[in-house]
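We use all heavy atoms of the structure for the numbers below, so side chains are in, but hydrogens, waters and symmetry mates are not. Positions are given from 1 along the sequence.
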Amino acid sequence: MGILAVDLFLTLDGVYQAPGGPEEDPSGGFAYGGWQAPYLDDESGAVIGAGIDRLDALLLGRRTYDIFADYWPQHVESQVGEKFARVPKFVASRTLSDPSWAGTTVVTDVAAEVPALKERFDEIHVIGSGDLARSLLAADLVDRLNLYLYPIAFGSGKRLFDTGTVPAAFTLAQPPIAFPKGAVALVYDRAGVPVTGIQMED
């Protein structure tokens, strides 16, 4: 069986909302969209690109899918655009019936359909798509978290781990990587339930 990995850009206070641009997702009055660009550097770009190179299927939430489907087919000459054009794509949606991006299949029931996808592919990546990531975590379908943590905090916005989070433990899968502009790459694998109730010794 393959793995399902979530690739997500996060602030120090866990916000994943609208890293790519001010109009990406202003829902809830979020006024800080477009916060990732000041921290991009060649080193972080190389690590993010290497992660994309590993995937052999792409699973996206509807909002991220619409952004990607509008942009990447116009940039197939790039390394990322060529990769996305080549791999099977899946979009989680109950309303989309005719996806415009070639090679896309609609997934209407994530909990029921994703396990079968993990049987077919070695490494499925969810990129962005924070709402979908939360649903997959709640269904215990996430095997790996590829988190890119940025040195900024807002105190508001959509958070990966918020009310309704199902308790889960993770183990560090590889050493953290710090980038020149302050971001850090963290890779965690799912590791059962949290261990609690242990008294710290004096």
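- Heavy-atom minimum distance, E24 versus I67: CG-CD1, 3.7 Å.
- Listed by chain and residue number, R54 satisfy the salt bridge (Lys or Arg N to Asp or Glu O under 4.0 Å) test with E123 (two or more places apart in sequence, or in another chain).
- For the atom pair L4 CG and L117 CG, the distance stands at 8.5 Å (nearest 0.5 Å).
- The aromatic rings of H75 and Y71 lie parallel to each other, with less than 30° between the two planes, well short of the 60° mark.
- Applying the side chain to side chain donor-acceptor pair (under 3.5 Å) rule to R159 yields the partners D13; only residues at least two apart in sequence or on another chain are considered.
- The OH atom of Y150 sits 5.5 Å away from the OG atom of S44 when rounded to the nearest 0.5 Å.
- Screening residues 159-178 for ring-ring contact (aromatic ring centres under 6.0 Å, His included), with sequence neighbours left out, gives no hits.
- Between R94 and D109 there is no salt bridge, since no side-chain N of the basic residue sits under 4.0 Å from a carboxylate O of the acidic one.
- Partners of Y32 under the side chain to side chain donor-acceptor pair (under 3.5 Å) rule, at least two apart in sequence or in another chain, do not exist in this structure.
- A salt bridge links R144 to D189: one of the charged nitrogens lies within less than 4.0 Å of a carboxylate oxygen.
- Here the side chains of Q17 and T11 are not in contact, with every heavy-atom distance at 4.5 Å or above.
- Within the hydrophobic cluster formed by Ile, Leu, Val, Met, Phe, Trp and Tyr side chains joined at under 4.5 Å, directly or through other members, I3 stands alone, with no partner residue.
- Taking every heavy atom of both residues into account, L132 and L60 meet most closely at CD2-C, 3.5 Å.
- Partners of A69 according to the side-chain contact (heavy atoms from CB on, under 4.5 Å) rule, which considers only residues two or more places apart in sequence or in another chain, are Y65, S100, W101.
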Kindly list each side-chain donor-acceptor pair under 3.5 angstrom involving residues 172-180, sequence neighbours excluded, with atom names and distances?
none

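- Contacts of D53 classified as side-chain contact (heavy atoms from CB on, under 4.5 Å), with partners at least two apart in sequence or in another chain: Q79.
- The side chain to side chain donor-acceptor pair (under 3.5 Å) check on D66 picks up R62, with sequence neighbours excluded.
- L55 and Y148 fall within a single hydrophobic cluster, where Ile, Leu, Val, Met, Phe, Trp and Tyr side chains are chained together by heavy-atom contacts under 4.5 Å.
- Listed by chain and residue number, nothing satisfies the salt bridge (Lys or Arg N to Asp or Glu O under 4.0 Å) test with D70 (two or more places apart in sequence, or in another chain).
- For K89, there are no salt bridge (Lys or Arg N to Asp or Glu O under 4.0 Å) partners at least two apart in sequence or on another chain.
- Under the salt bridge (Lys or Arg N to Asp or Glu O under 4.0 Å) criterion, D140 pairs with R190, not counting sequence neighbours.
- L8 and I52 are members of different hydrophobic clusters when ILVMFWY side chains are connected at heavy-atom separations under 4.5 Å.
- E77 CD: more than 12 foreign heavy atoms inside a 6.0 Å radius.
- T104 is not listed as a side-chain neighbour of F90, based on a closest heavy-atom distance of 4.5 Å or more.
- Taking the six-membered ring for Trp, Y16 and F9 have ring centres at least 6.0 Å apart.
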